[in-house]
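Just so it is clear, the model here is predicted, and its values are computed rather than measured. Letters A, B, ... are given to chains in the order of the sequence lines, protein chains preceding strands, and every chain is numbered from 1.
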There are 4 protein chains.
Amino acid sequence: MGTVTDQPTPARPGRKRSEASRQAILAAATELVGEVGYAGLTIEGIATRSGAGKQTIYRWWPSKADVLLDALAAKADLHVPIPDEGSYPGDLRAFLTASFMLGRNRHVIEVLRALMAEAQINAEFGERFRASFLQRRREALGVIVDRAHARGDLPSTPTSGTVADIVFGVVWYRLLATGQPLDQRLVDELVATLASRS
Amino acid sequence: MGTVTDQPTPARPGRKRSEASRQAILAAATELVGEVGYAGLTIEGIATRSGAGKQTIYRWWPSKADVLLDALAAKADLHVPIPDEGSYPGDLRAFLTASFMLGRNRHVIEVLRALMAEAQINAEFGERFRASFLQRRREALGVIVDRAHARGDLPSTPTSGTVADIVFGVVWYRLLATGQPLDQRLVDELVATLASRS
Amino acid sequence: MGTVTDQPTPARPGRKRSEASRQAILAAATELVGEVGYAGLTIEGIATRSGAGKQTIYRWWPSKADVLLDALAAKADLHVPIPDEGSYPGDLRAFLTASFMLGRNRHVIEVLRALMAEAQINAEFGERFRASFLQRRREALGVIVDRAHARGDLPSTPTSGTVADIVFGVVWYRLLATGQPLDQRLVDELVATLASRS
Amino acid sequence: MGTVTDQPTPARPGRKRSEASRQAILAAATELVGEVGYAGLTIEGIATRSGAGKQTIYRWWPSKADVLLDALAAKADLHVPIPDEGSYPGDLRAFLTASFMLGRNRHVIEVLRALMAEAQINAEFGERFRASFLQRRREALGVIVDRAHARGDLPSTPTSGTVADIVFGVVWYRLLATGQPLDQRLVDELVATLASRS
DNA sequence: GGGTAAGCGAGACGGTACGTCCGGTCTTACC
DNA sequence: GGTAAGACCGGACGTACCGTCTCGCTTACCC
């Protein structure tokens with residue numbers, strides 16, 4: 001820091017982006033996806049419901065999925081926890097318990113499923129979704145695993161890289177394929193499988 | 001014989017379904033999804049490419065995803081193996097190795113990702129996809145796990161039900177989220193994690 | 001020649017045309033045009049309602065208008081009267097009065113309007129409609145006018161050829177353009193205009 | 001001034017209707033009906049030929065017949081003459097001569113036949129066609145007849161109301177049923193029949 | 001404080017695909 | 001060979017949204 005030369009906003013002329021519109025658009029998107037589902041959600045519908053013009057949406061978001069991703073961030077607490085409980089099993093349990101909180105809200109789950117779906121179909125959104133959502137969670141878990149590794153607390157199997165695959169794999173598989181809940185039993189099971197010395 | 005065995009098809013009147021059209025439609029769907037991607041795939045395009053009328057497609061398939069699911073079945077060997085190697089680790093290794101064969105073909109992977117995506121967005125297709133694709137694979141793995149259980153060969157963790165979650169979870173997570181390959185190393189890792197007595 | 005060798009029906013092999021189907025088709029056409037109007041009338045609808053196959057209709061009639069023309073002939077008395085009352089005004093009055101009977105039935109009028117419309121749009125049907133319907137009525141009126149001419153009973157205006165134009169012109173114009181009824185007053189008016197010596 | 005004069009166009013927001021598209025659509029409709037006939041004319045075809053979107057057509061016209069009616073108005077001089085020659089026969093002759101000018105153009109006749117046909121089949125268009133086309137011509141002739149009536153120039157037969165029925169009846173009957181031309185002989189004949197004192 | 005540069009709601013525009021309807025043809029099994 | 005049933009290819013329907021493009025207007029900064 002020190003020098004303040006870099007001005008992030010070069011003080012451009014013209015009207016400022018309307019925060020009111022932004023809020024209204026995100027709120028409308030959230031409401032509508034709950035009412036008509038992701039397939040029935042349209043930019044046109046969001047514009048009508050929010051009282052915004054279509055152009056205003058297209059100006060700031062590349063697709064309806066991006067709107068929804070922003071809406072999710074505005075609504076749900078997407079903060080990624082990196083607990084420090086002193087032991088690998090403890091950290092893991094805390095991380096999973098905190099992460100699964102998101103899965104409590106049925107609407108949030110629906111949106112997450114839709115976003116993951118869109119990420120498959122629309123490659124550019126997939127890029128953004130992976131970078132801004134999936135990757136962050138992987139990295140948080142990575143911190144925990146690295147810490148355990150340094151501590152000599154990590155079992156030989158699975159490999160450190162595979163831990164994330166298993167954790168997020170099971171979570172997403174339940175969301176996308178079976179619909180089983182993300183409950184405390186799953187936390188226990190995962191901790192037992194991943195943190196027990198074999 | 002001599003007895004009138006009950007005929008399952010009671011000789012309905014009218015023209016028979018054209019097998020040629022069916023084949024042409026499935027082939028066109030496969031080609032097109034490779035050329036333009038799932039998002040660019042349209043019923044209209046399939047009809048044009050295959051030389052069929054749109055109505056003929058709508059008569060037999062409820063959505064483009066269903067066409068693709070059939071096309072996949074016609075093209076790729078979707079047979080689900082239930083190996084019997086005499087030991088749990090052996091069975092698991094054989095099952096995984098065989099299953100991962102599918103993942104060799106880049107086109108097949110693309111289609112699978114699209115179908116899983118569609119299953120999130122279109123609930124009715126989701127039902128069909130789960131029943132005709134996902135569930136069968138779970139059941140095959142279930143047989144292996146049950147056999148190991150009877151044999152007293154099964155570790156205490158993870159629970160038998162969670163084995164499938166972990167296996168298919170990791171597989172789908174790699175397909176959908178990270179793009180990592182389904183290789184022999186993953187087989188080893190999974191076998192080690194799931195079949196080692198802790 | 002002179003001998004009766006030519007058999008009009010050469011006793012062809014195969015099943016005879018089903019009179020029952022013919023009746024059912026004509027009846028269905030009549031019912032349907034009353035229920036859904038000419039625009040909503042379809043060959044498919046007639047087939048379904050009558051219990052006939054589409055092919056059976058296409059085998060015997062070139063278009064839905066032809067079916068309707070046959071149905072009209074079967075239902076309404078399309079006999080064209082050529083009265084002989086001894087005088088031109090008397091013949092004319094009798095001819096008009098008899099002709100206007102058809103116009104009593106609202107359904108018949110609707111069908112006639114539709115057929116005249118179809119005759120404009122479908123040239124081949126137009127040919128048939130003119131020959132089998134319009135021309136016959138012109139000829140009947142022609143007989144009356146010729147007879148008056150021979151009798152020296154015909155006014156100088158309008159010309160004999162124009163009489164039919166005026167009579168049928170007024171009738172069709174009322175049917176197609178204004179919807180005014182074909183009543184006794186119109187008969188009087190036409191007789192006065194066409195049969196009065198100027 | 002100072003008073004706020006009522007503004008007829010209250011300055012609505014949004015993009016203005018494209019006059020270029022309107023022209024292109026009418027031109028395309030005119031061309032196409034000449035090439036493929038009214039039965040072969042489709043909204044889709046008009047859209048393609050004109051380079052407009054289908055929605056743009058549907059936004060401004062309820063049916064292809066309405067497009068054609070506008071196209072006719074834009075192309076042909078649909079001005080309805082009300083001559084004043086000083087005498088009933090003179091007025092009538094002038095009106096008929098002027099009116100028959102339209103009938104010179106074969107394309108215009110084809111369109112008029114199609115529109116009259118559509119008016120039979122599509123009740124809502126019929127309403128519009130009668131009001132915007134047929135009724136205006138009746139009223140123009142009505143002015144002429146009223147003037148003659150005031151002048152004491154009108155024969156007792158036919159009744160004033162029937163004059164229009166006969167004039168337009170003969171004209172339309174020739175267009176729709178016989179195809180005879182609207183020539184000077186017909187003018188003479190009609191004037192003689194309608195304007196001679198009996 | 002006038003000029004100019006966005007942003008805004010509104011809505012028309014060229015496109016594209018939807019899912020449906022029907023036309024006219026054909027195949028099939030029966031009679 | 002006629003018939004009911006029904007699948008087939010084709011093509012237009014009218015609708016829904018897409019993403020873009022004017023419009024007239026409302027801010028905001030800049031000289």
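- Cation-pi geometry between R17(D) and W60(D) is met: under 6.0 angstrom from the ring centre, within 45 degrees of the axis.
- OP1 or OP2 of dC8(E) lies within a sub-4.0 Å distance of a side-chain N or O belonging to W60(A).
- Between the CZ atom of R17(D) and the P atom of dC13(E) there is a distance of 7 Å, rounded to whole Å.
- Atom pair W61(D):CH2 and dC13(E):C1' shows a separation of 13 Å (rounding to whole Å applied).
- Within residues 19-40 of chain B, the residues having any heavy atom under 4.0 Å from DNA chain F are, by residue number, S21(B).
- Remark: R59(B) is in phosphate contact with dC8(F), judged by side-chain N or O atoms under 4.0 Å from OP1 or OP2.
- Residue side chain K54(D) reaches the base of dG14(F) through a donor-acceptor N/O pair under 3.5 Å, judged by distance alone.
- In the set dC9(F), dC18(F), dA12(F), the nucleotide with an atom closest to the side chain of T42(A) is dC18(F).
- In terms of polar N and O atoms assigned as donor or acceptor, the side chain of Q55(D) comes within less than 3.5 Å of the base of dA16(F) in a complementary pairing.
- I57(A) has its CD1 atom 12 Å from the P atom of dA10(E), to the nearest Å.
- Atom pair E44(A):CD and dG11(E):C1' shows a separation of 10 Å (rounding to whole Å applied).
- Of the candidates dA12(F), dG9(E), dT20(F), dT20(F) carries the atom nearest the Y58(A) side chain, counting heavy atoms from C-beta on.
- Side chains of Q120(A) and Q120(B) form no contact here, defined as non-hydrogen atoms less than 4.5 Å apart.
- Judged by distance alone with a 3.5 Å cut-off, a donor-acceptor contact links the side chain of R15(D) to the base of dC21(F).
- Nearest-nucleotide mapping onto DNA chain E: of S63(C) and K64(B), the residue sitting toward the 5' end is K64(B).
- By the 4.5 Å heavy-atom criterion applied to side chains, F133(B) and L115(B) are not counted as neighbours.
- Side-chain N/O atoms of K16(A) include one lying less than 4.0 angstrom from OP1 or OP2 on dC29(F).
- Cation-pi geometry between K64(A) and F125(A) is not met: the NZ or CZ atom fails to fall both under 6.0 Å from the ring centre and inside 45° of the normal.
- In this structure, R59(B) has no side-chain hydrogen bond (donor to acceptor under 3.5 Å, both in side chains) partners at least two apart in sequence or on a different chain.
- Contact check, T56(D) against dG14(E): a side-chain N or O comes under 4.0 Å of OP1 or OP2.
- Here the closest heavy-atom approach between residue L32(D) and residue R49(D) is recorded as CD2-NH2, 3.5 Å.
- Taking both residues in full, the closest heavy atoms of A39(C) and I121(D) are given as CB-CG2, 3.6 Å, listed atom of the first, atom of the second, then distance.
- Across all strands shown, G51(A) has heavy atoms under 4.0 Å from sugar-phosphate atoms exclusively, and none from any base.
- For I43(A), whose side chain is taken as the heavy atoms from C-beta onward, the closest listed nucleotide among dT20(E), dC18(F), dC13(E) is dC18(F).
- At a non-hydrogen distance threshold of 4.0 Å, nothing from residues 113-126 of chain C comes into contact with DNA chain F.
- The closest side-chain heavy-atom distance from L112(A) to L72(A) is below 4.5 Å.
- When all heavy atoms are compared, the tightest approach of T30(D) to K75(D) is CG2-CD, 3.9 Å.
- Here the side chains of R113(A) and M116(A) are not in contact, with every heavy-atom distance at 4.5 Å or above.
- Look at CG on L41(C): it is 10 Å from P on dC22(E), rounded to the nearest Å.
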